[in-house]
Amino acid sequence: MIGLADCNNFYASCERVFNPQLRNKPLVVLSNNDGCVIARSNEAKALGIKMGEPAFKIKALIEKHKVNVFSTNFALYGDLSDRVMNTLKSEVERVEIYSIDEAFLDFSELSTTDRAVSIKKKVQQWTGIPISLGIAPTKSLAKVANHIAKKYTKKGVFILDDENVIKRALNFFPVEDLWGVGRKYAKRLKQSGINTALDFRNVDPEWLRRNFSVNGIRLQKELQGEKCYDLELNPARKKNICTARSFGKEIEDYKRIKEAVSTFANTCATKLRKEKSCCSKISVFLMTNPYKPNAKQYHPHITLDFQTPTNDSAEIVSMANTALKSIYRDDCIYKKAGVIVQNTTPQEEVQMSLFDTIDRDKRRKLMYSVDKINMLMGKDKIRLASQGFERRWKLRQEKLSPCYTTRFADILTIDI
DNA sequence: TCTGGGGTCCTAGGACCC
DNA sequence: TCTGGGGTCCTAGGACCC
């Protein structure tokens with residue numbers, strides 16, 4: 001049996017942990033630049049605030065109901081996520097961390113409601129984060145069980161183990177809520193009269209393969225109780241790493257774009273070194289504001305190759321700037337830019353080039369020192385000059401909560 | 001005024017090899 | 001009359017996930 005632990009309204013719950021006044025009150029967390037709603041407390045959901053809704057469109061609603069609004073605080077969410085995962089690991093030997101707020105658990109030994117409830121309680125008590133726990137024979141069914149646990153049970157725990165129970169659950173489970181069925185697939189399924197998860201389970205496999213590729217078949221088998229996705233305990237090395245941002249204010253001049261692209265490229269390089277990977281390709285893209293139909297639209301991108309795979313900041317930033325130069329046009333106003341490094345290989349397996357002129361050993365030591373200092377003193381304390389110093393392109397984050405657990409200055413003081 | 005960011009997998013088609 | 005058979009690699013596009 002496989003368990004799926006899923007944090008309830010995770011980001012919203014994180015904001016509440018150290019600020020109990022927010023309990024039972026509507027609360028939303030906004031995306032970068034305070035753009036869209038990306039997390040909602042149950043009270044906020046009840047007000048009809050939708051996932052992904054732009055903040056400016058619900059301004060009146062927020063004011064009327066005194067909804068508490070927060071900018072994303074990834075330092076806080078990341079740290080609380082680690083705490084939740086570590087607590088789960090203290091109870092279950094094999095844990096697959098699937099996302100910032102979800103983990104698959106090996107429940108093959110003991111899958112009782114009592115055990116599930118006690119794990120849920122422990123996480124709540126140790127971290128302050130409420131979770132739901134679904135248990136079933138496959139990952140896809142565990143997803144269904146978790147859905148049911150969250151929506152329809154008081155305990156927040158649900159086990160799908162009996163064929164009759166599974167059939168009944170799937171019969172009332174909307175097909176669009178299945179794991180792996182997105183908006184497009186849902187539409188096509190419904191047009192063919194497949195409305196529930198049970199319909200999906202019973203559909204002709206050949207038709208399924210034709211229309212929904214091999215993934216459709218896998219999902220169907222998983223719903224029938226046949227495992228197609230195992231617990232993955234060793235996270236795979238990333239194949240692509242992307243750093244992209246919308247700007248707080250639109251940018252017109254080359255210098256600022258260059259500073260932003262340099263910074264994104266440097267972040268990619270830092271992430272690569274953290275993964276102990278090198279990349280052999282880099283893409284840079286720019287975007288004008290698509291919500292301004294009257295403005296000139298331009299969404300260029302370009303990919304360049306490195307002769308020798310690298311994770312050296314100077315090399316990657318320099319290549320990013322070469323790429324930028326070739327796509328930049330000065331008659332456009334830019335809203336977003338990004339850098340993607342691709343084709344990664346483990347850094348110990350890099351194929352050297354005969355004609356390489358860089359002293360890689362020396363550079364590796366330099367990068368090691370830079371990373372170490374930045375870790376101690378704060379991000380980008382040491383940076384390349386092309387990253388600039390003003391950071392005029394930076395994000396808008398007007399409602400940022402304190403980093404209660406990761407910054408000394410933000411630690412709570414409590415009157416007793 | 002104002003609309004996020006970071007990933008993966010699968011498939012078809014083109015180019016190429018012997 | 002008639003024009004092989006068996007592969008790999010790469011890329012773009014489309015779908016999905018959180």
Side-chain angles (χ1 to χ4, degrees), chain A residues 4-11 28-39 50-60 62 69-74 77-78 81 96-104 139-140 143 146 175-189 208-219 228-229 232 235-250 264 267-268 271-272 275 277 280-281 283 285 287-293 295 301-303 305 333 335-344 394-399:
Chain A
L4 175 64
D6 188 325
C7 300
N8 302 343
N9 314 327
F10 182 53
Y11 296 170
V28 297
V29 177
L30 303 181
S31 62
N32 274 338
N33 273 321
D34 296 342
C36 300
V37 173
I38 56 165
K50 300 236 163 52
M51 188 71 171
E53 199 149 26
F56 73 92
K57 285 191 180 169
I58 53 166
K59 217 172 160 190
I62 285 172
V69 177
F70 290 92
S71 305
T72 35
N73 183 345
F74 278 114
Y77 312 151
S81 171
E96 174 190 339
I97 297 172
Y98 178 67
S99 73
I100 194 165
D101 71 334
E102 277 175 71
F104 288 106
K139 280 185 171 178
S140 302
K143 277 269 183 188
N146 190 287
V175 76
E176 67 266 29
D177 289 347
L178 282 173
W179 191 39
V181 176
R183 225 179 310 171
K184 294 267 168 77
Y185 281 180
K187 197 175 157 198
R188 266 151 66 186
L189 285 164
L208 206 53
R209 206 205 56 76
R210 268 204 317 278
N211 288 281
F212 301 90
S213 87
V214 65
N215 293 318
I217 298 286
R218 289 191 186 132
L219 175 57
C228 295
Y229 304 106
E232 283 175 36
R237 215 168 32 83
K238 282 193 173 58
K239 294 172 179 169
N240 306 296
I241 291 174
C242 171
T243 304
R245 293 285 180 280
S246 299
F247 305 127
K249 272 187 187 152
E250 292 175 349
F264 301 160
T267 303
C268 284
K271 289 178 184 171
L272 275 171
E275 290 245 323
S277 290
S280 62
K281 281 178 192 291
S283 301
F285 68 85
M287 278 178 74
T288 49
N289 189 345
Y291 298 102
K292 280 191 179 164
H301 65 94
I302 187 173
T303 303
D305 295 299
I333 303 176
K335 179 60 184 167
K336 182 176 179 174
V339 175
I340 308 165
V341 291
Q342 294 149 298
N343 245 25
T344 61
K394 68 171 187 280
L395 300 173
R396 206 172 38 242
Q397 286 190 310
E398 287 169 2
K399 316 271 189 180

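Labels below follow one simple rule: chain letters A, B, ... track the order of the sequence lines, proteins then strands, and each chain is numbered from 1.
- Looking at A/D6, its side chain never comes within 3.5 Å of a backbone N or O of A/E102 through a donor-acceptor pair.
- The residue A/E53 sits apart from the nucleic acid: no heavy atom pair falls under 4.0 Å.
- Under the stacking definition used here (centres under 5.5 Å, planes under 30°), the residue A/Y185 fails to qualify as stacked on the base of C/dC16.
- Spacing between atom CD1 of A/I333 and atom C1' of B/dT1 amounts to 14 Å, rounded to whole angstrom units.
- In this structure, A/Y98 reaches the sugar-phosphate backbone alone: every heavy-atom distance under 4.0 Å involves primed, P, OP1 or OP2 atoms, never a base.
- Heavy atoms of A/K239 sit under 4.0 angstrom from primed sugar atoms or phosphate atoms, though from no base atom.
- At distances below 3.5 Å, at least one donor-acceptor pair connects side-chain atoms of A/N33 with backbone N or O atoms of A/S246.
- Using a 4.0 Å heavy-atom cutoff across all strands shown, A/K335 reaches sugar-phosphate atoms only and no base atom.
- The main-chain N or O of A/F10 is never found under 3.5 Å from a side-chain atom of A/D101 such that the two would form a donor-acceptor pair.
- Residue-level contact check: A/D101 touches the backbone only, with heavy atoms under 4.0 Å from sugar-phosphate atoms and none from bases.
- Nearest approach of A/A55 to A/D34, heavy atoms of both residues: CB-O, 3.8 Å.
- Contacts of A/L178 with the nucleic acid, taken as non-hydrogen atoms under 4.0 Å apart, involve only primed sugar atoms and P, OP1 or OP2.
- Within 4.0 Å of A/K281, counting heavy atoms only, lie sugar-phosphate atoms of the nucleic acid but no base atom.
- Between A/K143 and C/dC18, a side-chain N or O to OP1/OP2 separation shorter than 4.0 Å is present.
- If you take CD1 of A/I62 and P of B/dC2, they are 17 Å apart, rounded to a whole angstrom.
- Annotated stems with DNA chain B as a participant read B:5-18 with C:5-18, given as range with range, by first number; only runs of 3 or more Watson-Crick or G-U pairs under 3.5 Å qualify.
- Comparing B/dT8, B/dT11, B/dG6 against the side chain of A/C242 picks out B/dG6 as the nearest.
- OP1 or OP2 of B/dC10 lies within a sub-4.0 Å distance of a side-chain N or O belonging to A/R218.
- Across all strands shown, A/T72 has no heavy atoms under 4.0 Å from either base or sugar-phosphate atoms.
- The aromatic rings of A/F264 and A/F247 lie parallel to each other, their planes meeting at an angle below 30°, with 60° marking the opposite boundary.
- Along DNA chain B, the nucleotide nearest A/V214 and the nucleotide nearest A/N33 are compared for position; the residue whose nucleotide lies closer to the 5' end is A/N33.
- Within the nucleic acid shown, A/N32 comes within 4.0 Å of sugar-phosphate atoms alone, with no base atom in reach, counting heavy atoms only.
- In this model, the phosphate group of B/dG5 is approached by a side-chain N or O of A/K336 to a distance below 4.0 Å at OP1 or OP2.
- Taking every heavy atom of both residues into account, A/S277 and A/T344 meet most closely at CB-CB, 4.2 Å.
- Side-chain N or O atoms of A/E53 include none that pairs as donor or acceptor with a backbone N or O of A/V37 at under 3.5 Å.
- A close approach under 4.0 Å does occur between a side-chain nitrogen or oxygen of A/S246 and OP1 or OP2 of B/dG5.
- Between A/R396 and B/dG4, a side-chain N or O to OP1/OP2 separation shorter than 4.0 Å is absent.
- Map A/R245 and A/D34 each onto its nearest nucleotide of DNA chain B; the residue landing nearer the 5' end is A/D34.
- Classification of the A/Y77-A/Y11 ring pair by plane angle, with boundaries at 30° and 60°, yields parallel.
- Of the side-chain N and O atoms in A/K292, none sit less than 4.0 angstrom from OP1 or OP2 of B/dT3.
- To the nearest angstrom, P of C/dC16 lies 16 Å from CD1 of A/I217.
- The side chain of A/N240 contributes an N or O atom lying less than 4.0 Å from OP1 or OP2 of B/dT8.
- Across all strands, A/I241 comes closer than 4.0 Å only to sugar-phosphate atoms, never to a base (heavy-atom distances).
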